[in-house]
Amino acid sequence: MKKDSRKNCPVLRATNAMGDQWSILILREFFLEGPRRFQDLQDVLKVSPNTLSGRLQKLEKAGIIERHQYSSNPPRAEYHLTEAGRALSPVMGALHTWGSAYTPDLE
């Protein structure tokens with residue numbers, strides 16, 4: 001890889017889209033449970049509302065998830081993986097396999 005090509009490297013672009021711990025854990029929930037509501041994610045992840053909202057917006061902007069409003073009063077939405085999000089399945093599987101093989105249990 002040329003040095004200049006690192007400025008637009010696909011790995012850099014991918015990690016910019018979904019490369020922090022909370023984003024990965026949010027994606028895990030979509031792969032385990034399917035479409036999710038904000039409160040469902042917050043209940044499982046125990047993450048602050050501001051952090052969760054920011055990560056969902058980041059994933060939506062990256063085209064990994066999409067928001068479907070199901071109530072207008074009060075405004076409520078459910079989030080779904082897009083085609084690009086579903087294409088992350090092998091990546092999530094690889095993280096699971098690697099984590100199982102090479103990291104100790106946390107409890």
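Atoms considered below: every heavy atom in the structure, side chains included; atoms not considered: hydrogens, waters and symmetry mates. One-based numbering along the sequence shown.
Listed by first and then second residue, the ring pair (Phe, Tyr, Trp, His ring centres under 6.0 Å) pairs involving residues 63-93 are His68-His80 (not counting sequence neighbours). Sorted by first then second residue, the side chain to side chain donor-acceptor pair (under 3.5 Å) pairs that include residues 84-101, not counting sequence neighbours, number zero. Identified under the salt bridge (Lys or Arg N to Asp or Glu O under 4.0 Å) test for residues 19-33, with sequence neighbours left out: Asp20-Arg55, Asp20-Lys58.
Between the CG atom of Asp105 and the OG1 atom of Thr103 there is a distance of 7.5 Å, given to the nearest 0.5 Å. Distance check, rounded to the nearest 0.5 Å: CD1 of Ile65 to CD1 of Ile26 gives 7.0 Å. Atom CG in Leu52 sits 10.0 Å away from atom CD in Gln57 (nearest 0.5 Å). Rounded to the nearest 0.5 angstrom, Phe31 CZ and Leu81 CG are separated by 5.0 Å. Distance check, rounded to the nearest 0.5 Å: CD1 of Ile64 to OG of Ser23 gives 7.5 Å. Taking CE of Met18 as the reference point, atom CG of Leu27 lies at 5.5 Å (rounded to 0.5 Å).
In this structure, the side chain of Thr82 engages the main chain of Gly85 through a donor-acceptor pair within 3.5 Å. Within the 3.5 Å criterion, the main-chain N or O of Asn8 finds a donor-acceptor partner in the side chain of Arg13. Checked by atom type and distance alone, the side chain of Thr15 pairs as donor or acceptor with a backbone atom of Val11 at under 3.5 Å.
When all heavy atoms are compared, the tightest approach of Ala62 to Ala17 is CB-CB, 3.7 Å.
The side-chain contact (heavy atoms from CB on, under 4.5 Å) check on Pro49 picks up Phe38, Gln42, with sequence neighbours excluded. In this structure, the side-chain contact (heavy atoms from CB on, under 4.5 Å) partners of Asp40, at least two apart in sequence or on a different chain, are Arg36, Arg37. With sequence neighbours left out, the salt bridge (charged side-chain N to carboxylate O under 4.0 Å, His left out) criterion links Glu60 to no other residue.
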Begin with the C-alpha distance, continue with both residues' side-chain angles, and end with the deciding distance and a verdict on side chain to side chain contact (heavy atoms under 4.5 Å, CB included) for Leu56 and Leu41. CA-CA 10 Å; Leu56 289 170; Leu41 292 165; 3.9 Å; yes
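A single hydrophobic cluster is seen to contain both Val91 and Phe30, as judged by linkage of ILVMFWY side chains at heavy-atom distances under 4.5 Å, directly or through other members.
Residue Gln69 places its CD atom among more than 12 non-hydrogen atoms of other residues, nucleotides or ligands, all under 6.0 Å distant.
Under the 4.5 Å side-chain criterion, counting only non-hydrogen atoms from C-beta, Arg76 is in contact with Pro74.
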